[in-house]
Each structure stands twice: as C-alpha cells, then as structure tokens.
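Let me begin by presenting the structure, written as structure tokens, before commenting on it.
Convention: sequence-line order gives letters A, B, ...; per-chain numbering from 1.
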Amino acid sequence: MRSTFDLRSSPCLPHEFYNRPTLAVACALLGMRLVRLLDGVQLGGIITETEAYIGEADLGCHARSGKTRRNAVMYGPPGFAYVYFTYGMHWMLNAVTGPQGFPAAVLIRAIQPLQGLEIISARRQGRDTLGPAKLTQALGVDAAFNGADLCSPASGLWIEAGVPVPQSNILTGPRVGLYTVPEPWKSKPWRFRTTLPSAPPTR
DNA sequence: AGCACGATGCTCT
DNA sequence: GAGCATCGTGCTT
C-alpha cells in the first residue's frame, strides 16, 4: 500500500507527452488524472472529455487572429496550462500542445472526481463536474494558473498517468459552442469522450 | 428530457 | 461595442 506522496519520482506526464500532434494528445489525455493541490489537499479526477484547437488556420481556435495577450501561452512550449476567462464568469483549462511557436491546445472539458471528493462536492455544491467551467470551479483553477507547468507538482496543477482507455471506448464529435465559426471548422470531429472508467453520464 | 434565457466581465476590433 | 470554447434555473412537453 502506498500512502505517501513520492517526491523523488515525479508522477507527472513529461513535456514530450504534449509535444505531439494535438489530436493525438487530445485522445491520449482521456483516462489521465488531473490533479490540483489546494490548501495541502490533492483534488483530482480522471479526464473524460477533451477538445482540440489547432493553429491559426483553425477558425474555432483563439489563435485564429494571430498572437494576442490572451492567447500568448498557446504559442509557447507544450505541457503548460492555457487558462482563459469567458462569459463573464467562467474559467477554461487547456493544455498547450505541439512544438513551441505553433499555437495549439487541448481543452479539458470534464473529469470524473477521484481524490478529494468531499471538497470537490462542496465546491460544486453537490453538482457534477462534467463541463469545462464546472471542473475549473471544482478544482479552484483560475487566472493564476495561466502558464502553469502541468509537468511539475510545484505548480499546484499537474497531470499524471491514469487508466488506459482503449480506442473502442473513445467517442468523437463536433466541438461544442462554436455557433458562429464557419465550416469546415465548426463540424470538425475534434471532441473526444470516453465512458471509462465507470460510465459517467454523458451531457 | 429538452429548450430558452439571463448572468456578468474580459478581450479585441 | 460586440462577441464569447458556459452554466443554472425555470418552464414546457
């Protein structure tokens, strides 16, 4: 039984994990474990839904109009958090992917809570964590984490290896909420979901 | 179970 | 000044 946190071998996925085509990373992140160290307690869960946003050519991506102050982190090295604010109240968490200089990221849309269940439930007032703004609220992720290193526990927010998700358990579909984005970008099947590990409800 | 809508503020043109 | 990579409530089937 392992009851203590092993500081000698970092449990985090390495930066190279993210230095791959964004679609590959979006798939590979399913089943991985997102962890937030909040007030000395680990809150975390299995990533069950992601979306890919790929380069300036992708008109659904925030980089569609080039580099700005908001999206600058996406142009940086892979394995860092791109966190932005939207709809006047919600924070969104992305993992930057691909080589430095190429603006791309994976939006983490849902987790199934695994660690710190009571705190997560309290922060969510008993409601679910299936949704990009819901999970950031559950874990306490906000502007302070824009640019955070997802490959180091020192950042307080990282991603570890989790449970393997076979290809047959991955569902794809169009990305959510891109109402005014022109085709073909609006319909690209760049949303990925899994029903593992224990069949959370879909939304 | 599914729609309609209001909340609320930052970013970029 | 417009447009958001959303959520929760409340109302209708």
Side-chain angles (χ1 to χ4, degrees), chain A residues 18 21-30 32 34 36 45 47-76 78 80-98 102-113 120-148 150 157 159 170-195 199-203:
Chain A
Y18 303 92
T22 306
L23 293 178
V25 178
C27 271
L29 278 175
L30 295 175
M32 299 298 169
L34 177 66
R36 163 87 165 95
I47 296 171
T48 57
E49 183 174 343
T50 61
E51 278 177 5
Y53 291 88
I54 313 175
E56 295 179 350
D58 173 9
L59 296 183
C61 181
H62 283 170
R64 61 181 171 272
S65 300
K67 190 174 182 177
T68 66
R69 195 163 68 247
R70 176 168 76 152
N71 67 24
V73 172
M74 267 204 289
Y75 287 78
F80 289 77
Y82 168 44
V83 179
Y84 69 90
F85 184 73
T86 193
Y87 289 107
M89 61 189 86
H90 299 308
W91 296 100
M92 302 285 149
L93 171 64
N94 298 252
V96 175
T97 63
F102 182 76
V106 172
L107 172 67
I108 299 175
R109 287 193 57 88
I111 61 168
Q112 181 179 17
I120 287 175
S121 179
R123 292 185 59 87
R124 287 287 304 139
Q125 299 180 293
R127 293 186 281 263
D128 68 75
T129 53
L130 280 63
K134 297 177 182 179
L135 81 88
T136 56
Q137 199 226 328
L139 302 186
V141 172
D142 58 20
F145 290 88
N146 191 35
L150 294 174
L157 181 68
I159 301 176
I170 297 179
L171 309 172
T172 66
R175 295 173 291 181
V176 175
L178 306 189
Y179 304 107
T180 64
V181 172
E183 299 290 0
W185 309 107
K186 183 176 182 175
S187 299
K188 291 278 187 190
W190 290 352
R191 178 190 189 193
F192 302 91
R193 278 183 291 166
T194 178
T195 53
T202 54
R203 66 189 287 279

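Salt-bridge formation is not detected for the pair R175(A)/E51(A): no Lys NZ or Arg NE/NH1/NH2 atom is positioned less than 4.0 Å from an Asp or Glu carboxylate oxygen.
Closest heavy-atom contact between H62(A) and N71(A): O-ND2, 3.1 Å. Residues L130(A) and A110(A) come closest through the heavy atom pair CA-CB, 3.7 Å.
Separating the CZ atom of R70(A) from the C1' atom of dT11(B) is a distance of 6 Å, rounded to the nearest angstrom. Rounded to whole angstrom, the span from the CZ atom of F85(A) across to the C1' atom of dC12(B) amounts to 16 Å. Atom CG of D128(A) and atom C1' of dC7(C) are 10 Å apart (whole Å). One can place CG of L130(A) at 16 Å from C1' of dA5(C), the figure rounded to the nearest angstrom. As rounded to whole Å, 14 Å separates atom C1' of dT6(C) from atom CG of N94(A). Counting to the nearest Å, the P atom of dC10(B) and the CE atom of M89(A) are 12 Å from each other. In this structure, the NZ atom of K134(A) is 18 Å from the P atom of dA5(C), given to the nearest Å. To the nearest angstrom, P of dC4(C) lies 15 Å from CG of N71(A).
The shortest distance between the side-chain N/O atoms of T86(A) and the OP1/OP2 oxygens of dC10(B) is not below 4.0 Å. For R109(A), a side-chain nitrogen or oxygen approaches OP1 or OP2 of dT6(C) to under 4.0 Å. Residue R127(A) places no side-chain N or O under 4.0 Å from the OP1 or OP2 atom of dT6(C).
Under the 4.5 Å side-chain criterion, counting only non-hydrogen atoms from C-beta, N94(A) is in contact with Y84(A). Under the 4.5 Å side-chain criterion, counting only non-hydrogen atoms from C-beta, T136(A) is not in contact with D142(A).
Counting non-hydrogen atoms under 4.0 angstrom, L107(A) reaches a base of the nucleic acid. At a threshold of 4.0 angstrom between heavy atoms, the contacts of M92(A) are confined to the sugar-phosphate backbone, with no base atom among them.
The partner of dA5(C), taking Watson-Crick or G-U wobble pairs whose two distances both stay under 3.5 Å, does not exist in any strand shown. Checking dT8(B) for Watson-Crick or G-U wobble geometry (two distances, each under 3.5 Å) identifies no partner in any strand.
Of the candidates dC4(C), dA5(C), dT11(B), dA5(C) carries the atom nearest the H62(A) side chain, counting heavy atoms from C-beta on.
Nearer the 5' end of DNA chain C, as judged by each residue's closest nucleotide, is the contact made by V181(A), out of V181(A) and L135(A).
Checked by distance alone, H90(A) brings no side-chain donor or acceptor within 3.5 Å of a matching partner on the base of dA5(C). Below the 3.5 angstrom threshold, one finds no donor paired with an acceptor across the side chain of Y87(A) and the base of dA7(B).
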